[in-house]
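Worksheet for the structure shown next.
Quick caveat: nothing in here was measured; it's all calculated off a predicted structure. For the numbers below, each heavy atom of this structure counts, side chains included, while hydrogens, waters and symmetry mates do not. Quick note on labels: first sequence line is chain A, next is B, and so on, each numbered from 1.
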There are 2 protein chains.
Amino acid sequence: MKKQTNSLSRQMPRMTRQRQVILEELGKVKSHPTADEIYRKVRRRLPRISLGTVYRNLEILSDCGSISKLDLAGRQRRFDGDLTPHYHVRCVQCERVEDVRAEPHTELEKSLTDATGYRIIGHRLEFIGICPRCQKRSHATGRRAAACG
Amino acid sequence: MKKQTNSLSRQMPRMTRQRQVILEELGKVKSHPTADEIYRKVRRRLPRISLGTVYRNLEILSDCGSISKLDLAGRQRRFDGDLTPHYHVRCVQCERVEDVRAEPHTELEKSLTDATGYRIIGHRLEFIGICPRCQKRSHATGRRAAACG
DNA sequence: GGCACTATCAGGAATAATTCTTATTATGAA
DNA sequence: TTCATAATAAGAATTATTCCTGATAGTGCC
Ligand SMILES: [Mn+2]
Ligand SMILES: [Mn+2]
Ligand SMILES: [Zn+2]
Ligand SMILES: [Zn+2]
(Lines give C-alpha, C1' and ligand atoms only; values in the text may rest on other atoms or scores of the structure.)
(Ligands and ions follow the chains in the order given, each with its own letter.)
Protein backbone atom coordinates (compact mmCIF):
# COMPACT_ATOMS: atom_id res chain seq x y z
CA MET A 1 0.00 0.00 0.00
CA LYS A 2 2.91 2.38 0.53
CA LYS A 3 5.12 3.76 -2.19
CA GLN A 4 8.68 2.55 -2.13
CA THR A 5 11.27 5.22 -1.41
CA ASN A 6 14.44 5.20 -3.43
CA SER A 7 17.52 4.38 -1.39
CA LEU A 8 20.11 7.14 -1.16
CA SER A 9 17.43 9.49 -2.39
CA ARG A 10 17.72 11.67 0.67
CA GLN A 11 20.68 13.73 1.81
CA MET A 12 21.79 13.07 5.39
CA PRO A 13 20.15 15.77 7.49
CA ARG A 14 21.61 16.97 10.73
CA MET A 15 22.63 14.35 13.22
CA THR A 16 20.51 14.79 16.29
CA ARG A 17 21.13 13.08 19.58
CA GLN A 18 18.21 10.72 19.03
CA ARG A 19 19.37 9.81 15.54
CA GLN A 20 22.91 9.25 16.78
CA VAL A 21 21.83 6.92 19.57
CA ILE A 22 19.57 4.91 17.26
CA LEU A 23 22.45 4.49 14.85
CA GLU A 24 24.84 3.49 17.62
CA GLU A 25 22.49 0.96 19.16
CA LEU A 26 21.79 -0.62 15.80
CA GLY A 27 25.51 -0.76 15.13
CA LYS A 28 26.14 -2.59 18.38
CA VAL A 29 24.05 -5.65 17.63
CA LYS A 30 24.45 -8.51 15.20
CA SER A 31 20.76 -9.25 15.34
CA HIS A 32 18.24 -7.62 13.05
CA PRO A 33 16.02 -5.79 15.46
CA THR A 34 12.52 -4.52 14.91
CA ALA A 35 11.63 -0.89 15.53
CA ASP A 36 10.30 -1.59 18.98
CA GLU A 37 13.37 -3.60 19.96
CA ILE A 38 15.48 -0.62 18.96
CA TYR A 39 13.09 1.61 20.87
CA ARG A 40 13.62 -0.42 24.04
CA LYS A 41 17.40 -0.26 23.68
CA VAL A 42 17.49 3.43 22.90
CA ARG A 43 15.13 4.29 25.73
CA ARG A 44 17.70 3.11 28.23
CA ARG A 45 19.86 6.06 27.13
CA LEU A 46 17.11 8.50 26.12
CA PRO A 47 14.15 7.70 28.35
CA ARG A 48 11.98 10.43 26.82
CA ILE A 49 12.29 9.29 23.23
CA SER A 50 9.08 8.24 21.52
CA LEU A 51 8.44 5.23 19.33
CA GLY A 52 7.38 7.57 16.54
CA THR A 53 10.79 9.21 16.64
CA VAL A 54 12.45 5.81 16.34
CA TYR A 55 10.34 4.93 13.32
CA ARG A 56 10.92 8.30 11.70
CA ASN A 57 14.68 8.16 12.19
CA LEU A 58 15.01 4.56 11.03
CA GLU A 59 13.23 5.68 7.88
CA ILE A 60 15.53 8.69 7.46
CA LEU A 61 18.69 6.68 8.15
CA SER A 62 17.56 4.05 5.70
CA ASP A 63 16.71 6.63 3.05
CA CYS A 64 20.13 8.21 3.23
CA GLY A 65 21.87 4.87 3.15
CA SER A 66 23.23 4.67 6.68
CA ILE A 67 21.32 1.54 7.58
CA SER A 68 19.25 -0.94 5.66
CA LYS A 69 15.60 -1.76 6.03
CA LEU A 70 15.05 -5.46 5.55
CA ASP A 71 12.06 -6.76 3.68
CA LEU A 72 11.86 -10.23 5.11
CA ALA A 73 8.91 -12.51 5.65
CA GLY A 74 6.91 -11.83 8.73
CA ARG A 75 4.71 -8.97 9.63
CA GLN A 76 7.28 -6.96 11.49
CA ARG A 77 9.91 -4.90 9.74
CA ARG A 78 13.56 -5.43 10.67
CA PHE A 79 16.63 -3.24 10.36
CA ASP A 80 20.28 -3.98 9.74
CA GLY A 81 23.31 -1.84 10.48
CA ASP A 82 25.45 -3.98 8.21
CA LEU A 83 25.42 -2.51 4.72
CA THR A 84 27.54 -5.12 2.99
CA PRO A 85 25.46 -7.25 0.63
CA HIS A 86 24.46 -10.49 2.28
CA TYR A 87 21.54 -12.85 2.68
CA HIS A 88 19.68 -13.93 5.78
CA VAL A 89 18.43 -17.11 7.36
CA ARG A 90 15.37 -17.12 9.58
CA CYS A 91 14.50 -19.67 12.23
CA VAL A 92 10.89 -20.77 11.81
CA GLN A 93 10.62 -21.53 15.49
CA CYS A 94 12.03 -18.49 17.23
CA GLU A 95 12.00 -15.96 14.35
CA ARG A 96 15.69 -15.22 14.88
CA VAL A 97 17.32 -13.73 11.77
CA GLU A 98 21.02 -14.23 11.12
CA ASP A 99 23.44 -13.38 8.35
CA VAL A 100 24.45 -15.72 5.59
CA ARG A 101 27.86 -14.83 4.28
CA ALA A 102 27.74 -15.70 0.61
CA GLU A 103 28.28 -13.98 -2.69
CA PRO A 104 25.08 -12.52 -4.10
CA HIS A 105 23.74 -14.87 -6.75
CA THR A 106 23.32 -12.27 -9.46
CA GLU A 107 23.16 -15.02 -12.05
CA LEU A 108 19.67 -15.81 -10.81
CA GLU A 109 18.41 -12.66 -12.46
CA LYS A 110 19.77 -13.59 -15.86
CA SER A 111 17.23 -14.29 -18.55
CA LEU A 112 14.33 -13.27 -16.35
CA THR A 113 13.68 -10.15 -18.38
CA ASP A 114 13.07 -12.30 -21.42
CA ALA A 115 10.99 -14.76 -19.48
CA THR A 116 8.78 -12.24 -17.71
CA GLY A 117 8.97 -8.91 -19.51
CA TYR A 118 9.95 -7.29 -16.25
CA ARG A 119 13.02 -5.10 -15.96
CA ILE A 120 14.69 -6.95 -13.08
CA ILE A 121 16.39 -4.69 -10.56
CA GLY A 122 17.17 -7.16 -7.82
CA HIS A 123 16.09 -10.13 -5.82
CA ARG A 124 15.48 -11.16 -2.25
CA LEU A 125 16.68 -14.48 -1.04
CA GLU A 126 15.94 -15.65 2.44
CA PHE A 127 16.68 -19.05 3.85
CA ILE A 128 14.35 -20.77 6.24
CA GLY A 129 15.48 -23.24 8.83
CA ILE A 130 15.85 -24.16 12.44
CA CYS A 131 18.58 -22.52 14.45
CA PRO A 132 21.06 -24.54 16.54
CA ARG A 133 19.40 -23.41 19.75
CA CYS A 134 15.96 -24.56 18.64
CA GLN A 135 17.33 -27.84 17.27
CA LYS A 136 18.80 -28.58 20.67
CA ARG A 137 15.63 -27.69 22.48
CA SER A 138 13.36 -29.77 20.25
CA HIS A 139 15.62 -32.77 20.79
CA ALA A 140 15.51 -32.21 24.51
CA THR A 141 11.80 -31.56 24.93
CA GLY A 142 10.31 -33.03 21.79
CA ARG A 143 7.73 -30.27 21.61
CA ARG A 144 7.31 -26.50 21.89
CA ALA A 145 7.43 -24.17 18.94
CA ALA A 146 7.96 -20.56 19.89
CA ALA A 147 10.05 -17.99 21.72
CA CYS A 148 13.58 -19.19 22.11
CA GLY A 149 15.88 -16.66 23.71
CA MET B 1 9.98 -22.05 -1.53
CA LYS B 2 9.55 -23.86 1.74
CA LYS B 3 9.46 -27.61 1.54
CA GLN B 4 6.06 -29.15 1.99
CA THR B 5 6.97 -31.18 5.05
CA ASN B 6 4.20 -30.07 7.33
CA SER B 7 1.49 -29.06 4.92
CA LEU B 8 -1.58 -31.25 5.18
CA SER B 9 -0.99 -30.95 8.89
CA ARG B 10 -4.69 -30.29 9.24
CA GLN B 11 -7.34 -32.62 7.93
CA MET B 12 -9.74 -30.93 5.52
CA PRO B 13 -12.84 -30.19 7.57
CA ARG B 14 -16.24 -29.99 6.01
CA MET B 15 -16.54 -27.94 2.86
CA THR B 16 -18.93 -25.16 3.59
CA ARG B 17 -20.42 -22.91 0.96
CA GLN B 18 -18.18 -20.02 2.03
CA ARG B 19 -15.07 -22.15 1.90
CA GLN B 20 -16.04 -23.51 -1.51
CA VAL B 21 -16.59 -20.07 -3.00
CA ILE B 22 -13.30 -18.73 -1.61
CA LEU B 23 -11.49 -21.69 -3.15
CA GLU B 24 -13.23 -21.22 -6.48
CA GLU B 25 -12.58 -17.51 -6.68
CA LEU B 26 -8.90 -17.98 -5.84
CA GLY B 27 -8.68 -20.69 -8.50
CA LYS B 28 -10.10 -18.36 -11.12
CA VAL B 29 -7.35 -15.75 -10.99
CA LYS B 30 -3.73 -15.77 -12.04
CA SER B 31 -2.94 -12.87 -9.71
CA HIS B 32 -1.97 -13.33 -6.08
CA PRO B 33 -4.75 -11.60 -4.25
CA THR B 34 -4.76 -10.30 -0.71
CA ALA B 35 -7.44 -11.34 1.75
CA ASP B 36 -9.50 -8.25 1.14
CA GLU B 37 -9.29 -8.65 -2.64
CA ILE B 38 -10.66 -12.16 -2.23
CA TYR B 39 -13.26 -10.78 0.15
CA ARG B 40 -14.46 -8.35 -2.52
CA LYS B 41 -14.72 -11.10 -5.15
CA VAL B 42 -16.45 -13.57 -2.87
CA ARG B 43 -18.90 -10.98 -1.65
CA ARG B 44 -20.37 -10.71 -5.12
CA ARG B 45 -21.61 -14.29 -4.69
CA LEU B 46 -22.11 -14.33 -0.93
CA PRO B 47 -22.97 -10.79 0.07
CA ARG B 48 -23.33 -11.68 3.76
CA ILE B 49 -19.85 -13.18 4.16
CA SER B 50 -17.53 -11.42 6.59
CA LEU B 51 -13.88 -10.55 6.19
CA GLY B 52 -13.11 -12.62 9.27
CA THR B 53 -14.58 -15.68 7.58
CA VAL B 54 -12.40 -15.07 4.56
CA TYR B 55 -9.29 -14.83 6.72
CA ARG B 56 -10.22 -17.91 8.74
CA ASN B 57 -10.92 -20.02 5.67
CA LEU B 58 -7.82 -18.92 3.83
CA GLU B 59 -5.89 -20.07 6.88
CA ILE B 60 -7.71 -23.40 6.99
CA LEU B 61 -7.33 -24.01 3.25
CA SER B 62 -3.67 -23.19 3.49
CA ASP B 63 -3.17 -25.47 6.49
CA CYS B 64 -4.70 -28.42 4.73
CA GLY B 65 -2.73 -27.79 1.58
CA SER B 66 -5.45 -26.68 -0.79
CA ILE B 67 -3.95 -23.25 -1.40
CA SER B 68 -0.70 -21.60 -0.53
CA LYS B 69 -0.07 -18.60 1.63
CA LEU B 70 2.74 -16.54 0.16
CA ASP B 71 5.45 -15.08 2.31
CA LEU B 72 6.47 -12.18 0.14
CA ALA B 73 7.83 -8.80 1.03
CA GLY B 74 5.28 -6.18 1.82
CA ARG B 75 2.95 -5.78 4.69
CA GLN B 76 -0.03 -7.46 3.11
CA ARG B 77 -0.31 -11.21 2.88
CA ARG B 78 -1.05 -12.77 -0.49
CA PHE B 79 -2.53 -16.11 -1.49
CA ASP B 80 -1.98 -18.41 -4.43
CA GLY B 81 -4.23 -21.12 -5.78
CA ASP B 82 -1.35 -22.57 -7.79
CA LEU B 83 0.37 -25.25 -5.73
CA THR B 84 3.13 -26.12 -8.18
CA PRO B 85 6.51 -24.89 -6.94
CA HIS B 86 7.44 -21.59 -8.53
CA TYR B 87 8.95 -18.20 -7.76
CA HIS B 88 7.47 -14.74 -8.01
CA VAL B 89 8.43 -11.35 -9.35
CA ARG B 90 7.05 -8.19 -7.83
CA CYS B 91 6.76 -4.81 -9.50
CA VAL B 92 8.12 -2.10 -7.21
CA GLN B 93 5.84 0.47 -8.72
CA CYS B 94 2.42 -1.15 -8.80
CA GLU B 95 2.99 -4.06 -6.37
CA ARG B 96 1.75 -6.56 -8.93
CA VAL B 97 3.00 -10.10 -8.27
CA GLU B 98 3.45 -12.54 -11.10
CA ASP B 99 4.77 -16.07 -11.48
CA VAL B 100 8.29 -16.93 -12.54
CA ARG B 101 8.42 -20.32 -14.17
CA ALA B 102 11.79 -21.74 -13.24
CA GLU B 103 13.20 -24.80 -11.60
CA PRO B 104 13.60 -24.37 -7.86
CA HIS B 105 17.23 -23.60 -7.10
CA THR B 106 17.69 -26.21 -4.43
CA GLU B 107 21.43 -25.97 -4.86
CA LEU B 108 21.31 -22.63 -3.06
CA GLU B 109 20.65 -24.46 0.18
CA LYS B 110 23.71 -26.67 -0.14
CA SER B 111 26.45 -26.11 2.38
CA LEU B 112 24.38 -23.63 4.36
CA THR B 113 24.03 -26.02 7.26
CA ASP B 114 27.79 -26.09 7.62
CA ALA B 115 28.06 -22.34 7.21
CA THR B 116 25.31 -21.36 9.62
CA GLY B 117 24.53 -24.28 11.91
CA TYR B 118 20.90 -24.04 10.85
CA ARG B 119 18.97 -27.02 9.61
CA ILE B 120 17.80 -25.53 6.32
CA ILE B 121 14.28 -26.47 5.35
CA GLY B 122 13.72 -24.16 2.44
CA HIS B 123 14.25 -20.78 0.91
CA ARG B 124 12.25 -17.89 -0.34
CA LEU B 125 13.35 -16.19 -3.52
CA GLU B 126 11.52 -13.21 -4.88
CA PHE B 127 12.54 -11.08 -7.83
CA ILE B 128 12.04 -7.36 -7.87
CA GLY B 129 11.53 -5.36 -10.99
CA ILE B 130 9.33 -3.13 -13.04
CA CYS B 131 6.49 -4.68 -14.95
CA PRO B 132 5.99 -4.01 -18.66
CA ARG B 133 3.00 -1.78 -17.93
CA CYS B 134 4.95 0.41 -15.52
CA GLN B 135 8.00 0.54 -17.77
CA LYS B 136 5.84 2.08 -20.44
CA ARG B 137 4.42 4.60 -18.03
CA SER B 138 7.61 5.60 -16.19
CA HIS B 139 9.85 8.52 -17.11
CA ALA B 140 13.22 6.82 -17.62
CA THR B 141 14.25 7.12 -14.00
CA GLY B 142 17.24 4.84 -14.15
CA ARG B 143 17.14 3.55 -10.62
CA ARG B 144 19.45 0.68 -9.91
CA ALA B 145 19.16 -0.83 -6.47
CA ALA B 146 20.04 -4.46 -6.03
CA ALA B 147 18.07 -5.52 -3.00
CA CYS B 148 19.33 -8.68 -1.42
CA GLY B 149 16.88 -9.60 1.28
C1' DG C 1 22.01 38.36 22.53
C1' DG C 2 17.46 38.67 19.93
C1' DC C 3 14.77 37.18 16.05
C1' DA C 4 12.85 34.56 12.29
C1' DC C 5 12.94 30.18 10.16
C1' DT C 6 13.04 25.42 10.05
C1' DA C 7 13.99 20.67 11.58
C1' DT C 8 12.92 17.70 14.96
C1' DC C 9 10.74 16.27 18.91
C1' DA C 10 7.12 13.80 22.27
C1' DG C 11 2.84 12.31 22.65
C1' DG C 12 -1.01 10.66 21.05
C1' DA C 13 -4.57 9.85 17.41
C1' DA C 14 -5.36 7.54 13.19
C1' DT C 15 -4.85 3.85 9.97
C1' DA C 16 -4.27 -0.81 8.15
C1' DA C 17 -3.97 -5.61 8.43
C1' DT C 18 -5.06 -9.27 11.01
C1' DT C 19 -6.79 -11.97 14.91
C1' DC C 20 -10.02 -12.81 18.53
C1' DT C 21 -14.61 -12.95 20.94
C1' DT C 22 -19.33 -13.69 21.17
C1' DA C 23 -23.79 -14.85 20.07
C1' DT C 24 -26.10 -17.34 16.55
C1' DT C 25 -26.83 -20.85 13.09
C1' DA C 26 -25.92 -25.11 10.43
C1' DT C 27 -24.67 -29.91 10.30
C1' DG C 28 -24.81 -34.47 11.31
C1' DA C 29 -24.77 -38.44 14.54
C1' DA C 30 -27.60 -40.98 17.79
C1' DT D 1 -35.88 -34.94 17.31
C1' DT D 2 -32.22 -34.00 20.39
C1' DC D 3 -27.89 -32.83 21.21
C1' DA D 4 -22.99 -31.86 20.53
C1' DT D 5 -20.00 -29.75 17.58
C1' DA D 6 -18.33 -26.82 13.80
C1' DA D 7 -18.78 -22.71 11.38
C1' DT D 8 -20.66 -18.35 10.80
C1' DA D 9 -21.39 -12.80 10.90
C1' DA D 10 -20.35 -8.91 13.22
C1' DG D 11 -17.58 -6.29 15.35
C1' DA D 12 -14.08 -5.52 19.15
C1' DA D 13 -9.26 -6.03 20.03
C1' DT D 14 -4.54 -6.25 18.80
C1' DT D 15 -0.42 -5.11 16.35
C1' DA D 16 2.54 -2.52 13.56
C1' DT D 17 3.09 1.65 11.52
C1' DT D 18 2.14 6.36 10.01
C1' DC D 19 0.36 10.84 10.70
C1' DC D 20 -0.78 15.11 13.20
C1' DT D 21 -0.06 18.82 16.51
C1' DG D 22 1.88 21.92 19.36
C1' DA D 23 6.27 22.47 21.72
C1' DT D 24 11.29 22.81 21.49
C1' DA D 25 15.83 23.29 19.75
C1' DG D 26 19.45 24.37 16.23
C1' DT D 27 20.98 27.93 12.55
C1' DG D 28 21.98 32.03 10.15
C1' DC D 29 21.46 36.89 10.30
C1' DC D 30 21.23 41.25 12.49
MN1 LIG E 1 22.29 -8.85 8.22
MN1 LIG F 1 2.11 -17.87 -8.08
ZN1 LIG G 1 15.42 -20.75 16.74
ZN1 LIG H 1 3.98 -2.38 -12.35
Side-chain angles (χ1 to χ4, degrees), chain A residues 1-5 10-26 32-64 66-79 95 97 145-147, chain B residues 10-23 25-26 32-64 66-79 90 95 97:
Chain A
M1 168 141 289
K2 61 175 281 296
K3 267 282 133 220
Q4 189 113 344
T5 42
R10 186 202 294 235
Q11 229 23 4
M12 171 66 94
R14 71 168 181 250
M15 181 55 70
T16 66
R17 177 90 183 117
Q18 287 85 348
R19 201 162 289 161
Q20 181 64 44
V21 172
I22 288 166
L23 195 53
E24 283 172 16
E25 291 299 319
L26 186 55
H32 302 81
T34 60
D36 73 288
E37 285 166 355
I38 295 165
Y39 175 54
R40 283 198 292 271
K41 284 177 202 302
V42 167
R43 211 161 34 156
R44 295 200 297 256
R45 294 171 59 187
L46 303 174
R48 313 230 4 119
I49 200 171
S50 73
L51 179 58
T53 297
V54 172
Y55 269 106
R56 181 164 25 79
N57 281 302
L58 286 170
E59 191 68 27
I60 290 168
L61 289 166
S62 154
D63 277 1
C64 70
S66 301
I67 67 174
S68 90
K69 181 161 62 170
L70 302 181
D71 231 351
L72 304 175
R75 307 262 70 78
Q76 217 170 153
R77 186 165 297 159
R78 289 173 178 274
F79 298 86
E95 296 292 307
V97 172
Chain B
R10 183 203 293 235
Q11 203 66 331
M12 171 65 94
R14 73 171 182 244
M15 180 56 70
T16 64
R17 176 91 181 112
Q18 288 86 346
R19 200 163 290 159
Q20 181 64 45
V21 171
I22 289 167
L23 193 53
E25 290 300 318
L26 186 56
H32 302 82
T34 61
D36 73 288
E37 285 166 354
I38 295 165
Y39 175 53
R40 283 199 292 271
K41 285 178 203 301
V42 167
R43 209 161 34 157
R44 295 200 297 256
R45 293 170 60 186
L46 303 174
R48 315 233 358 124
I49 199 171
S50 74
L51 180 57
T53 297
V54 172
Y55 270 105
R56 180 165 26 80
N57 281 301
L58 286 169
E59 192 69 28
I60 290 168
L61 289 167
S62 155
D63 277 1
C64 70
S66 302
I67 67 173
S68 92
K69 180 160 62 169
L70 301 181
D71 234 353
L72 303 176
R75 309 263 69 80
Q76 216 170 154
R77 187 165 297 159
R78 288 174 179 273
F79 298 86
R90 183 170 52 85
E95 298 290 309
V97 172

For A:Arg77 and D:dT18, is the shortest distance between a side-chain N/O and OP1 or OP2 below 4.0 Å? yes
Within the 4.5 Å heavy-atom criterion, are B:His32 and B:Arg90 side-chain neighbours or not? no
Rounded to whole angstroms, how far apart are CZ on A:Arg75 and C1' on D:dT18? 17 Å
Using a cut-off of less than 4.0 Å, is there contact between a side-chain N or O of A:Gln18 and OP1 or OP2 of C:dA10? yes
Please examine the side chains of A:Asn57 and A:Ile60, heavy atoms only from C-beta on, and report whether any two atoms are closer than 4.5 Å. yes
Touch class at under 4.0 angstrom, heavy-atom based, for A:Ile49 against every strand present: sugar-phosphate
Considering every strand and a 4.0 Å limit on heavy-atom distances, what is the contact class for A:Arg14: base, sugar-phosphate, or nothing? base
From CZ (B:Phe79) to CG (B:Leu58), nearest 0.5 Å: 4.5 Å
For the residue pair A:Arg17 and A:Arg45, establish whether any side-chain heavy-atom pair is separated by less than 4.5 Å. yes
Atom CG of A:Leu70 to atom P of D:dT17: distance rounded to whole Å? 12 Å
Distance, rounded to the nearest Å, where B:Leu46 contributes CG and D:dA10 contributes P: 12 Å
Does B:Arg56 place a side-chain N or O at less than 4.0 Å from the phosphate oxygens OP1/OP2 of D:dT8? yes
Distance in angstrom units between A:Gln76 CD and D:dT17 C1', rounded: 10 Å
Separation of C:dT6 atom P from A:Ile60 atom CD1, nearest Å, is 18 Å
Kindly indicate whether the side chain of A:Val42, heavy atoms from C-beta on, has any atom under 4.5 Å from the side chain of A:Thr53. no
Nearest to the side chain of A:Tyr55, heavy atoms from C-beta on, is which of D:dT18, C:dT18, C:dC9? D:dT18
Is any side-chain nitrogen or oxygen of B:Arg19 closer than 4.0 Å to OP1 or OP2 of D:dA7? yes
Quick one: which of C:dT8, D:dA9, D:dT8 gets closest to the side chain of A:Thr16? C:dT8
Report the residue (A:Met15 or B:Arg78) whose heavy-atom-nearest nucleotide on DNA chain C is the more 5′ of the two. A:Met15
Interface with DNA chain C, restricted to residues 33-41 of chain A and to heavy atoms under 4.0 Å: none
After noting the C-alpha distance and the side-chain angles of A:Asp71 and B:Arg75, does the key distance pass the side-chain contact (heavy atoms from CB on, under 4.5 Å) rule? CA-CA 9 Å; A:Asp71 231 351; B:Arg75 309 263 69 80; 3.9 Å; yes
A:Pro33 versus A:Glu25: any side-chain heavy-atom pair under 4.5 Å? no
Tell me: CG of A:Leu72 to P of D:dA16, nearest whole Å? 15 Å
C:dC9, D:dA9, C:dA17: which one has an atom nearest the side-chain heavy atoms of B:Ser50? D:dA9
Atom CD of B:Glu59 and atom C1' of D:dA7 are separated, to the nearest Å, by 16 Å
Which nucleotide sits closest to the side chain of B:Arg48: D:dA10, C:dT18, C:dA10? D:dA10
Separation of D:dT18 P from A:Leu58 CG (nearest whole Å): 10 Å
Passes side-chain contact (heavy atoms from CB on, under 4.5 Å), A:Val54 versus A:Arg43? Steps please. CA-CA 10 Å; A:Val54 172; A:Arg43 211 161 34 156; over 6 Å; no
